[in-house]
Amino acid sequence: MDQQRRTGRQLLAEQEKLGNDVVAVEVGGQVFDLHTPLPEGTSEVRAIRQNDPKALPIIRHSTAHVMADAVQKLFPGTKVAFGPATEAGFFYDYDRPGGSFSEADLEAIEQKMLEIIESDSPFVREPMAREDLMALLSSMNEPYKLEHVQRLEGELTIYRHGDWVDLCEGPHVPSTRFLKAFKLTHTAGAYWRGDERNPMLQRIYGTAFASPKDLKAHLKALEEAKLRDHRKVGKELDLIAFHPLAPASPFFTARGARIYNALCDYVRELYDRHGYEEVITPQVFDNELFETSGHLPAYYENMFLAASKEHLEKAAKEIVEKPPADVHACEHVMTEHFRFGVKPMNCPSHCLLFGMKRRSYRELPLRIADFGRLHRYERSGVVQGLTRVRTFAQDDAHIFCTQEQVSGEIADFIDLVHRVYEDFAFQAPKIYIATRPDKRIGDDAVWDAAEKALIDGVSAKGVPFEIAEGEGAFYGPKVEFHLKDALGRSWQLGTIQADFNLPERFDLSYVGANNESHRPVMLHRAVLGSVERFFGVLIEHVGGNFPTWLAPEQLTIVTVASDFDAFAVEAAKELRRKGLRVSVDTSNERLGAKIRAARLMRVPYIGVVGAKEVEGRGLQLRSRDLNADVGFSTLDEVAARLLAEHRAPSLRD
RNA sequence: GCUGGCGUAGCUCAACGGUAGAGCACCUGUUUUGUAAACAGGGGGUUACGGGUUCAAAUCCCGUCGCCAGCUCCA
């Protein structure tokens with residue numbers, strides 16, 4: 001090794017900074033193994049120690065190698081594919097001749113991994129010429145790695161530990177003994193290279209940390225997150241229900257509907273202040289609409305089609321009289337006769353509405369809002385609680401405006417989104433700009449303009465964003481606002497999308513100041529996004545403890561004994577007259593049991609009524625959020641206190 | 001849709017080839033109660049559905065439906 005290119009280990013040793021907790025080194029933002037020669041002339045390095053955040057992906061990736069080693073030792077003939085570190089741990093994909101891995105297999109693998117870690121085998125990096133590497137992978141009978149190497153460019157390296165070898169660019173921990181805390185968590189199928197046309201491999205997920213303490217904390221956090229799962233909490237609090245006869249289609253119970261409507265009413269108040277007009281549009285349309293909008297060509301597999309008996313008869317008749325040549329032709333005959341489609345989005349009907357009248361530039365920007373129910377057919381494997389359903393409503397609106405108005409509308413909308421998320425005490429959302437997908441309508445020049453409009457609009461606000469390549473809607477690019485659920489899964493909620501395509505397809509126009517006809521731009525936007533999804537994420541965010549302004553029941557009045565029931569009922573009536581949501585528990589239970597019941601339902605306030613309260617015409621009030629008895633209050637004081645929290649924070653006077 | 005797992009009372013779970021059970025919830029009674037569970041009694045199940053194996057199936061096998069974790073796809 002030449003003098004100029006020393007390793008991180010050598011450098012740190014010279015500087016007496018080499019502890020036994022150093023995992024790797026960082027030079028100018030790049031991470032190297034301790035034993036890898038650093039770029040020429042490097043004299044300053046930063047040691048990445050075990051507790052450094054940058055150590056985590058290294059530890060996890062190295063653990064993935066050890067897992068793959070263990071798997072191949074235990075299950076000969078198993079081939080390996082990819083095995084990266086992820087946000088929460090790592091995985092490795094395998095092609096196992098015998099099929100999948102069981103729970104028992106995972107335990108055996110963990111045991112074998114412990115042996116490998118115990119052996120304290122150094123990870124060794126080895127640059128290799130392409131031909132040698134391909135020969136090596138062929139001899140190892142690793143077709144996936146071989147295929148991968150053919151796609152790779154630049155310097156190729158392998159990593160060894162013990163007798164195990166993997167095509168890998170590193171970096172890795174110095175030796176297996178640095179892996180001190182790991183757990184294999186679950187298995188899953190995963191397509192090779194993420195493409196569903198490819199064979200499905202077996203994936204084993206695991207996680208690893210610098211110390212057993214960190215691992216334990218992580219596993220505990222996962223357990224706690226599970227307790228917040230909106231499917232569990234939503235059921236416990238009697239907010240939502242599902243029935244097998246309506247798969248992926250939530251029922252909102254009376255309590256859940258209260259919250260649902262409170263969310264919509266909240267948005268309606270904002271609409272009043274931001275110049276939106278709410279409309280109501282049909283559910284089912286002649287499919288000609290969806291031909292025009294592009295949904296049938298580009299969104300067909302997500303649409304529910306609807307047919308009447310007459311349509312079915314006509315289709316049947318044609319099929320009997322002129323039998324179609326194949327399945328495809330038969331499908332065509334049927335869809336030709338199934339005249340109706342259930343709307344999957346509101347935009348087509350809003351285009352119809354815009355086009356029904358001669359429009360003036362004076363009307364623009366025209367902001368049309370719609371809580372219309374949408375139906376989208378989602379494949380059975382993708383649905384999930386409230387966050388991915390087949391029927392939902394959005395706090396949807398379409399803004400028809402001039403080119404010049406676009407950036408102003410985007411800026412206003414971003415303000416609106418941030419204000420709303422603050423009202424729900426969410427962290428600032430992560431913003432993505434989703435660009436043109438492969439499956440799309442419209443010319444590239446139009447997409448160029450639309451993408452530029454969004455990027456300019458967001459940039460003007462100075463908020464950070466990332467580009468999500470190819471993730472746009474089929475009709476236009478999107479700005480997406482993402483929040484995470486209790487399990488750390490990220491969901492798109494709000495969005496604003498620039499659309500130059502639909503106005504074109506619907507031939508929309510307005511009369512300008514110059515008395516000439518112009519094409520409007522259309523912005524699709526939603527703040528909550530899907531109300532269903534927002535509800536689900538919100539349940540998890542508040543852990544079922546809905547703030548007073550959303551709580552289905554704001555106050556439960558409980559009586560100490562049945563003698564006081566009459567006053568309790570009277571008090572509830574009086575408070576309800578003031579617009580509060582109040583219930584009375586007159587069940588034949590002891591006070592403690594009634595309090596417990598109300599607390600389990602996460603009611604923000606509990607009011608106890610006994611002899612003293614009847615006499616003073618008030619309640620002994622307990623606050624859920626303060627977790628304390630707040631003392632005696634007259635009914636007027638109770639009303640004032642609750643009414644102060646009765647509206648969203650930003651709407652309070 | 002794909003891979004794997006799961007489906008027993010309203011809920012949480014037991015029984016894992018040999019008579020379907022518990023706690024909570026529910027109903028009825030007793031109790032009149034002061035801040036997280038009073039006591040007693042009672043009702044409730046074609047073990048998701050359909051088929052098969054077996055003297056015997058909740059239990060084993062096949063199919064359908066649904067749910068869960070991922071993958072692919074998306075608000």
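Scope of the values below: all heavy atoms of this structure, side chains included, with no hydrogens, waters or symmetry mates. Within every chain, numbering begins at 1; the chains are lettered A, B, ... in the order of the sequence lines, protein sequences first and strands thereafter.
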Nearest of [options] to any side-chain atom of [X]?
X: Ala190(A); options: C74(B), U72(B), C71(B); answer: C71(B)
X: Lys235(A); options: A69(B), C73(B), U12(B); answer: U12(B)
X: Arg379(A); options: G66(B), C74(B), G1(B); answer: G1(B)
X: Tyr205(A); options: A75(B), C71(B), C68(B); answer: C71(B)

Nucleotide-resolved protein contact map, nucleotides 29-39 of chain B, B/S/- at heavy-atom distance under 4.0 Å = -BBBBBBBBB-
Pair [X] and [Y], ring centroids less than 6.0 Å apart:
X: Phe413(A); Y: His274(A); result: no
X: Tyr94(A); Y: Tyr92(A); result: yes
X: Phe426(A); Y: Phe534(A); result: yes
X: Phe75(A); Y: Phe101(A); result: yes

With both pairing distances under 3.5 angstrom for Watson-Crick or G-U wobble, and | for a partner in another strand, the correct string for RNA chain B is (((((((..((((....[..)))).(((((.......))))).....(((((..]....))))))))))))....
Under-4.0 Å side-chain N/O to phosphate OP1/OP2 contact, Lys478(A) with A75(B) |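 For A75(B), OP1/OP2 do have a side-chain N/O of Lys478(A) under 4.0 Å.
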When you check the phosphate oxygens OP1 and OP2 of C73(B), does a side-chain N or O of Arg197(A) lie under 4.0 Å from one of them?
->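 No.
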So among Leu528(A), Leu493(A), Asp370(A), Leu374(A), which one has a side chain to side chain contact (heavy atoms under 4.5 Å, CB included) with Gln394(A)?
->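 It is Leu374(A); the other options fail the test.
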Roughly how far apart, to the nearest Å, are A58(B) and C39(B) at atom C1'?
->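 Their C1' atoms lie roughly 35 Å apart.
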Expressed as a whole number of Å, how far does the C1' atom of G43(B) sit from that of G10(B)?
->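 G43(B) and G10(B) have their C1' atoms separated by 14 Å.
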Would you please say whether a donor-acceptor pair under 3.5 Å links the side chains of Tyr144(A) and Asp93(A)?
->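 Asp93(A) and Tyr144(A) do not have a side-chain donor-acceptor pair below 3.5 Å.
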Select base, sugar-phosphate, or nothing to describe what Glu378(A) touches, counting heavy atoms under 4.0 Å on all strands.
->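 Base, at least one base heavy atom under 4.0 Å.
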Would you classify Val558(A) as touching base, sugar-phosphate or nothing, given that sugar-phosphate means primed atoms plus P, OP1 and OP2, and contacts are heavy atoms under 4.0 Å?
->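 Contact class for Val558(A): none.
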Between the side chain of Arg376(A) and the main-chain N/O of Pro344(A), is any donor-acceptor distance below 3.5 Å?
->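 Answer holds: yes.
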Within 6.0 angstrom of Glu301(A) CD, more than 12 heavy atoms from elsewhere =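 More than 12 within 6.0 Å, yes.
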Taking atom CD of Glu103(A) as the centre, does the number of heavy atoms from other residues, nucleotides or ligands within less than 6.0 Å exceed 12?
->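 No, CD of Glu103(A) has 12 or fewer neighbouring heavy atoms, counting only those of other groups under 6.0 Å.
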Which residue lies toward the 5' end of RNA chain B, Arg376(A) or Leu201(A), if each is placed at its nearest nucleotide?
->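 Final value for this comparison: Leu201(A).
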RNA chain B: Ser530(A) or Tyr377(A), which has the more 5' nearest nucleotide?
->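 The answer here is Tyr377(A).
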Nearest-angstrom distance from the residue atom CD of Gln492(A) to P of C73(B) =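 It works out to 15 Å between those atoms.
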